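All figures in this text were calculated on a predicted structure; none of them were measured in a lab.
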Amino acid sequence: MSRKSSTTGGRSAHAAEPTRPSGPFGLLPRLASPGSPLPTLRRAVGVAAALAGIVLGATATARAEEPGAAAPGFDLASCPSVAALPSGADPADWRCEAMAAEGSLSIGRLQIPVDRPMTITFAEGTVDGSYRQVFGAMTASPLPLPGTPWRITPGYGGDADFQSNDERRGELDMTLGLSGPGLPRGCTIGTQAEPIHLVLKDTEPTSVISQDPLIVHFAAEDRDFAAPRTSQCGPLGRVLDRILGLPAGAGSNGLALSAQVALRPYAEAS
């Protein structure tokens, strides 16, 4: 990816301009920017953020904590620890975001319902006025491949950038693990060396669904990514490629997600 990044604790930690702080996948401050076409939502998001006390740049009286359970149904145990934050990070200026999303995945000829939550956690904040982020974890359940005995599991491909801009909500490298009868361990579509690269764009803007704890909703998709042939799938690799229609060029695949995001600060008022 053509993004400036550094590595913190084995995870991706991206640096960006200090004037572009992020929110849930980078959206809260962007909605609140001058000229936003959503003034009512902008005010609601701003009020919710203030009430929850999660705005970056908390007061100097805040005390650092590991993120706990911010909301029912959201597991923040995979949030990066305070020790995993970049050198020089003040935990009072950081928070963890936990996303749970469902939707649909199209790969080549097949469309697969994502009817079990796919989760992503990451931390974001500032160091010396510059925005940074640290990836936590991505989890997903195996999903049946329609008409076959096999399953497909979305996985983290090694890099992510969740600071949004006017062009996209965020970017994510992904692999698709394949499992089932006759398939060896490590059979995938996309690899850590050459992952599937997603550029997610909004289909529904951010809306607040709970103020205490703060939980927001959004929807996003990428219908333009390419999917390579299967890798490390043994003799059945060619069979899978024929069934799935791989490789599949840009425009032949898609990932559409409806997501909820819980936000949890690394610092609580003392």
Side-chain angles (χ1 to χ4, degrees), residues 5-14 22-28 52 54 56 64-87 89-103 105 114-127 131-143 151-164 169-177 179 188 190 192 195-196 198 200 209-210 213-218 220 255 257-268:
S5 66
S6 60
T7 301
T8 302
R11 300 293 188 184
S12 180
H14 295 282
S22 181
F25 283 68
L27 256 288
L28 286 184
I54 58 129
L56 297 182
E65 290 186 352
E66 301 297 332
F74 291 89
D75 180 13
L76 282 87
S78 58
C79 287
S81 66
V82 170
L85 302 183
S87 176
D90 180 352
D93 296 332
W94 283 71
R95 68 187 177 200
C96 183
E97 300 190 14
M99 182 194 81
E102 298 183 0
L105 170 67
V114 182
D115 52 8
R116 303 172 188 176
M118 183 174 72
T119 70
I120 292 175
T121 56
F122 72 98
E124 65 174 2
T126 59
V127 177
Y131 173 80
R132 302 285 294 277
Q133 55 189 288
V134 179
F135 190 83
M138 175 177 173
T139 66
S141 298
L143 304 168
R151 294 178 177 271
I152 190 167
T153 307
Y156 181 52
D159 204 5
D161 184 356
F162 297 131
Q163 186 183 33
S164 74
R169 176 171 290 266
E171 301 184 30
L172 175 68
D173 282 354
M174 183 176 70
T175 62
L176 296 170
S179 59
T188 66
Q192 293 292 315
I196 296 169
L198 302 175
L200 294 161
I209 59 176
S210 171
L214 181 60
I215 302 173
V216 300
H217 170 270
F218 70 87
L255 177 66
L257 296 174
S258 177
Q260 294 185 6
V261 183
L263 299 99
R264 175 73 174 180
Y266 279 86
E268 301 284 347

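- When all heavy atoms of Met174 and Pro154 are compared, the pair lying nearest together is SD-CB, 4.1 Å.
- Note that the CG atom of Leu85 and the CG atom of Asp93 stand 10.5 Å from one another [nearest 0.5 Å].
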field: Residues Ile196, Thr175; criterion side-chain contact (heavy atoms from CB on, under 4.5 Å); working and verdict
entry: CA-CA 6 Å; Ile196 296 169; Thr175 62; over 6 Å; no
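- Across all non-hydrogen atoms, the minimal contact from Pro142 to Thr153 is CA-OG1, 3.2 Å.
- By the 30° and 60° cut-offs, the orientation of the rings of Phe135 relative to Tyr156 is parallel.
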task: Start with the C-alpha gap between Val261 and Phe218, add the side-chain angles, then the distance that decides, and say whether side-chain contact (heavy atoms from CB on, under 4.5 Å) holds.
output: CA-CA 8 Å; Val261 183; Phe218 70 87; 3.5 Å; yes
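- Shortest non-hydrogen contact noted between Val82 and Pro91 is CG1-CG, 3.8 Å.
- The line from CD of Glu97 to CD of Gln133 is 9.5 Å long, rounded to the nearest 0.5 Å.
- The minimum heavy-atom distance between Leu176 and Leu105, with the atom names listed, is CD2-CD2, 3.9 Å.
- Shown here are the side-chain hydrogen bond (donor to acceptor under 3.5 Å, both in side chains) partners of Thr188, two or more places apart in sequence or in another chain: there are none.
- In this view, Ser78 and Thr121, Ala137 satisfy the side chain to side chain contact (heavy atoms under 4.5 Å, CB included) rule, not counting sequence neighbours.
- Within the model, atoms CD1 of Ile215 and CD1 of Ile209 stand 5.5 Å from one another, a figure rounded to the nearest 0.5 Å.
- Every residue two or more places apart in sequence or in another chain that forms a side-chain hydrogen bond (donor to acceptor under 3.5 Å, both in side chains) with Thr119 is listed here: Thr139.
- Cys96 contributes atom SG, which lies 10.0 Å from atom CZ of Arg264 (distance to the nearest 0.5 angstrom).
- Rounded to the nearest 0.5 Å, atoms CD (Glu124) and OH (Tyr131) are 4.0 Å apart.
- Residues meeting the side chain to side chain contact (heavy atoms under 4.5 Å, CB included) test with Val127, sequence neighbours left out: Pro86, Ala89, Trp94, Arg132.
- The side-chain tip of Arg95 does not point at the ring of Tyr266 from less than 6.0 angstrom away and within 45° of straight on.
- Note that the CG atom of Asp173 and the CD atom of Gln192 stand 8.5 Å from one another [nearest 0.5 Å].
- The shortest non-hydrogen separation linking Val114 to Ala101 is CG1-O, 4.4 Å.
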- prompt: Should Asp115 and Leu143 be marked as a side-chain contact (heavy atoms from CB on, under 4.5 Å) after you check the CA-CA gap, both sets of side-chain angles, and the distance that decides it?
  reply: CA-CA 8 Å; Asp115 52 8; Leu143 304 168; 4.0 Å; yes
query: Is there a side-chain contact (heavy atoms from CB on, under 4.5 Å) between His217 and Ser258 once you walk through the steps?
result: CA-CA 8 Å; His217 170 270; Ser258 177; 2.9 Å; yes
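- Looking at Met118 and Met138, their side chains come closer than 4.5 Å, going by heavy atoms from C-beta outward.
- Side-chain N or O atoms of Glu171 include none that pairs as donor or acceptor with a backbone N or O of Phe162 at under 3.5 Å.
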